[in-house]
Structures are given as structure tokens and as C-alpha cells.
Amino acid sequence: MNIKEVHNCYGCGVCATACARNVIEIKLNNEGFYEPYISDESKCTDCGLCTEVCAYLHDDLSLKDVGRQSYAAWSNDKLVRRRCSSGGVGFEVGSLLLNRGYKVCGVRYNADNNRAEHYIASDIRELVQSAGSKYIQSYTVDGFKAINRKEKYLVTGTPCQIDSFRRYIQKFRCEENFVLLDFFCHGVPSMHVWQKYIKWAEKKVGKITYASWRNKRNGWHDSWAMGLGGEMHGTSVDWHDSYNLLVKGERGFFNSQMSKGDMFYGFFLSDCCLGKQCYDNCKYKYKNSSADIRIGDLWGKTYKDNKDGVSAVVTFTPKGNELLKQCNCELVEHPFDVVAEFQMKACAKRSRHFNVVLNSLLNPQKDIKDAYKYVKRDFLRKRWNRRFRKILRILKISK
Ligand SMILES: Cc1cc2nc3c(=O)[nH]c(=O)nc-3n(C[C@H](O)[C@H](O)[C@H](O)COP(=O)(O)OP(=O)(O)OC[C@H]3O[C@@H](n4cnc5c(N)ncnc54)[C@H](O)[C@@H]3O)c2cc1C
């Protein structure tokens, strides 16, 4: 078996990185997710490396016997904290390791290709591009292939990318050269959403030059976990909203907030357009990781009044824990369930509008607003369900 029989996988690109014959390409499939293709089958020697490093084809995780320590954390540098998505821990781990002679393989937004991509940062100026979450699937191959296994690297990515990457460095017996960092991951949306969003945005501001998904102009707060997500349409609540997409173009810029009906976030967080693998086969929720360090947003009750950003951080190896302690970060140790409050414990549930949304996104005649009507319906349905459950609870209590 080689990777050509694998479809709707994680699209992590590690098979293409590992292939010594260079015959695996990673391209977007029809539904807008990265997938491997064999470009020249006659050159494949059936060595099996591509399937060996593939996390999608294994039930277990590549990191065994994990310990676990969990923290609330934030950068001591105010600018870093402001620029990053939550507390800036991802950036601070990178900065520490750069000072120790590592390079960082992180994710930047490439406005020329309208995509997120892994790249290598060799100094702090280059590292800045990796700050902040880009809520689209990243194209890993060029970044991963640029890694020299004999040198030291921090590699960051989604949990599935990191699980495959650990398999790869285990296979080549160079695990000690690497520190791996992932995050609590909701899932990745189809690239068709982002491509249509960009088309819509370009009508407003011209060719897009920059995008920041988690701009802190309106502070840092989770309207989603606090339940505002279901109330977002037509609301006039002025809520601190962490899901604030800042888009700059050649003719200007705009900020678009989740709580005021931003379409991209509507698609992403309503679970109408995630990858099939995110719904059916994500092994990495909550406590499950193959990284040394996991980061996320600490949305729980403990820090609910914080307006600057707090990262949830979990270390799974002694190496990860030691490094975290040496970062330029404030750390407060908490039990895991405090740090991971509101994080997903299971795969996202496919919305009943998944097919109709995807078909609309695939139709070149239709713009993003057409597919978005179904997302709105989904939100309304969820809002009514929530209200209904609340009424039932009240009735039960008053009996
Ligand atoms: C698709 C996606 C889904 C997420 N889902 C959740 C969730 O459900 N719950 C939660 O708490 N947090 C989630 N996060 C993580 C969260 O958005 C923040 O990254 C996290 O709070 C850490 O913030 P920070 O300030 O410490 O990180 P920063 O210092 O800003 O570092 C961000 C790191 O993420 C990496 N990165 C950015 N975009 C991508 C990408 N597209 N693919 C791979 N790596 C990337 C960068 O290379 C960098 O290392 C998600 C992130 C992404 C990209």
C-alpha cells in the first residue's frame, strides 16, 4: 500500500516530506482540503515510508507514556501578548529556542497565495510572522522539506500534523533534535470558505495584503464559550470579542467580528464546513497529543475577566515542561480540567447543512453569502434548542 489509496486524510504533508523519491505532492481536493497525490507512480519503490509516518493510518499516538502538567500562562512582554492570539506562549517558546540555536518551523499567512503555510524562521524578526492563529489549514510541505534533520528545530502545528511529524523523526532517529508544539484544535475549515471570503473582501478593500484572525482591538474574551455565538445575529451587545478578523487590502482595511456576524467565523465555528477527518477521525481532543507542549485559549471561569489574553498550556514531556519554565512567561499551575475548561472532548459534530453548504461553496456562480444563509439557519436552530433546554431545566426545578 502507498499513500495514493488514502483520501480525506489529515493532509499533514509528512508523507511528501518523507518520500525519498519525491513523488508525493500535496494538493487541495475537491472539497478544499489538502490531500496527497502520487505524481509519478513508476518512480515509487513501495518502500512504505509514506504510510509509516502517516498519523491518519495509525490508531495510537506516536508519543507514549505521557506525563502531564498544566498551566495558565502569558508573556511578560506586553507587545507580544497583544500581538498573539491568547497569552503569546507559542511565540515565547519560539523566541527562547531561537536564542539557544534552534530554528522554528511555524505558520505564516502568505497573502500572494491566500494561504497559510509552514516556513522556517531563523531569527526573531522572521518569527513574528508566526504569531497569531491562522484559522485555515496550512500547507506544510515546503516548510517541512526545508528542515535539516541534523539541526535543532521547534516545529509547531495542528495536533495531527505534529503526530505525523513525530513519527517521521522517530523513524529517522532524530527526535532529540526537535521540540514539538501543538494546540487544542477545533478543526480546520474548507479552503473554499477562505477563498470565497477573500473574493468578497477584495470587493471592499482591494487585493488582500494581510490578515489577522485574532486581532485584539476589541480585547480578549470568548463570546463563543460564554454562549454569545448563538445570539450573534442582529445583536447590539458590545462584547469583547476575541474572534475579530482584521483584513488589510491595497485600498483599506476592515475589522469583522464574530459577535457582529462575521461570515468566516460563522462558517468555521458552526461546524458546517470542517474536514471529514475533523468530524470522523480526530484522535487529538482534550488530553490527547503527541507534542511536548500544547497551547490554547484559557477560556474558563478562572480567567473570565482577563482582557489581555491567557494561554492554556499543557506539557506532555519533561523536555516541554523544562522549556516552558524558562520562557519569558508568567506561569500559574492549575489542575488540567481548569486549564482545559470549555475545550472540546470529542470530534466536532457535522452540521446537518454540511452538504448543502459545500455544494454552494463549490458553485462558482454563487458568492459566500449564498452558503452563509444555511449557516445562519444553523445558528438560529441551535439558539432555539438552547432556549428550549433552558425552559425545560427551569420547569424541572420548579416542580
Ligand atoms: C485551526 C485552529 C484551530 C484552533 N482551535 C482551538 C480550540 O479549539 N481551542 C483553543 O483553545 N485554541 C485553539 N486554537 C489555538 C488558539 O487559536 C491559539 O493558537 C492559542 O490560544 C495559542 O495562542 P498563543 O498566543 O499562545 O499563540 P501564538 O504565540 O500566537 O502562536 C500561535 C502558534 O500557532 C501556529 N499556527 C498558527 N496558525 C496555524 C495553522 N493554521 N496551522 C498550524 N499552526 C498554526 C503558529 O505557528 C504559532 O506557533 C486553534 C488554532 C488553529 C490554527
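For clarity, every value in this text was computed on a predicted model and none was experimentally measured. In listed order, ligands and their atoms are each counted from 1.
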- Have a look at ligand 1 and work out which part of S311, if any, has a heavy atom under 4.0 Å from it: side chain, backbone, both or neither. side chain
- Pick out which of Q161, R108, R115 makes a side chain to side chain donor-acceptor pair (under 3.5 Å) with S138. Q161
- Query: When you measure from atom 32 (C) of ligand 1 to each heavy atom in C84, G87, G94, S130, which option holds the nearest one?
  - Reply: S130
- Whether Y286 and F336 hold their rings parallel, tilted or perpendicular, with breakpoints at 30° and 60°: perpendicular
- Name the closest protein heavy atom to atom 49 (O) of ligand 1, giving the residue it belongs to and the distance to 0.1 Å. T156 OG1, 3.3 Å
- Partner of D297 by side-chain contact (heavy atoms from CB on, under 4.5 Å), out of W220, F342, F183, F184: W220
- Message: Give me the residue, atom name and distance of the protein heavy atom closest to atom 29 (O) of ligand 1.
- Response: F91 N, 2.8 Å
- Item | L96-F178 co-clustered via ILVMFWY side chain contacts under 4.5 Å | no
- Note on the structure: Closest to atom 38 (N) of ligand 1 among protein heavy atoms sits K134 N, 3.0 Å
- Could you check whether the rings of F144 and F165 sit parallel, tilted or perpendicular, using 30° and 60° as the cut-offs? tilted
- salt_bridge(R167, E52) N-O dist < 4.0 Å: no
- Task: Provide, to 0.1 Å, the distance between atom 2 (C) of ligand 1 and the closest protein heavy atom, together with that atom's residue and name.
- Result: Y135 CD2, 3.4 Å
- Query: So, does Q137 use its side chain to make a donor-acceptor pair with the main chain of Y34 at under 3.5 Å?
  - Reply: yes
- Considering only non-hydrogen protein atoms, determine which one is nearest to atom 1 (C) of ligand 1 and report residue, atom name and distance to 0.1 Å. G187 O, 3.6 Å
- Message: Quick one about Q326 and R100 (side-chain donor to acceptor, distance below 3.5 Å, no hydrogens or angles considered), yes or no?
- Response: yes
- For atom 7 (C) of ligand 1, what's the nearest protein heavy atom and its distance? F184 O, 3.1 Å
- Using a distance-only test with no angle check, is there a side-chain donor-acceptor pair under 3.5 angstrom linking Y284 and D163? yes
- Query: Any idea which of Q161, M344, H186, R108 brings a heavy atom closest to atom 5 (N) of ligand 1?
  - Reply: H186
- Would you say ligand 1 has an N or O under 3.5 Å from any N or O of F268? no
- Item | Those atoms of ligand 1 less than 4.0 Å from some heavy atom in S85 | 18 (C), 23 (O), 25 (O), 30 (O)
- A student checking ligand 1 against D297 at a 4.0 Å heavy-atom cut-off should list atoms 10 (C), 11 (O), 12 (N), 16 (C), 17 (O), 21 (O)
- Task: With heavy atoms under 4.0 Å as the rule, classify the contact between R214 and ligand 1 as side chain, backbone, both or neither.
- Result: side chain
- Within 4.0 Å of some non-hydrogen atom of G157, the atoms of ligand 1 are 43 (C), 44 (N)
- Query: Which residue and non-hydrogen atom of the protein lie closest to atom 31 (O) of ligand 1, and at what distance in Å?
  - Reply: G90 CA, 3.9 Å
- Query: So, are R21 and D46 salt-bridged, with charged N and O less than 4.0 Å apart?
  - Reply: no
- Query: Can you tell me if Q170 uses its side chain to pair, donor with acceptor, with the backbone of S62 under 3.5 Å?
  - Reply: yes
- Task: Examine the proximity of ligand 1 to Q343 and report which part, side chain or backbone, both or neither, has a heavy atom under 4.0 Å away.
- Result: side chain
- Can you check whether G106 has an N/O within less than 3.5 Å of an N/O in ligand 1? no
- Query: Near I295, which atoms of ligand 1 are under 4.0 Å from a heavy atom of that residue?
  - Reply: 22 (C), 26 (O), 27 (O)
- Less than 3.5 Å between some nitrogen or oxygen of S133 and one of ligand 1, yes or no? yes
- Message: Could you identify the single nearest non-hydrogen protein atom to atom 24 (P) of ligand 1 and state the distance to 0.1 Å?
- Response: S86 OG, 3.4 Å
- Message: Among residues at least two apart in sequence or on other chains, which ones pass salt bridge (charged side-chain N to carboxylate O under 4.0 Å, His left out) with E330?
- Response: none
- Could you pull out, from G132, C105, S95, the option with a heavy atom nearest to atom 30 (O) of ligand 1? G132
- Distance flag, aromatic centroids of H186 and F268, threshold under 6.0 Å: yes
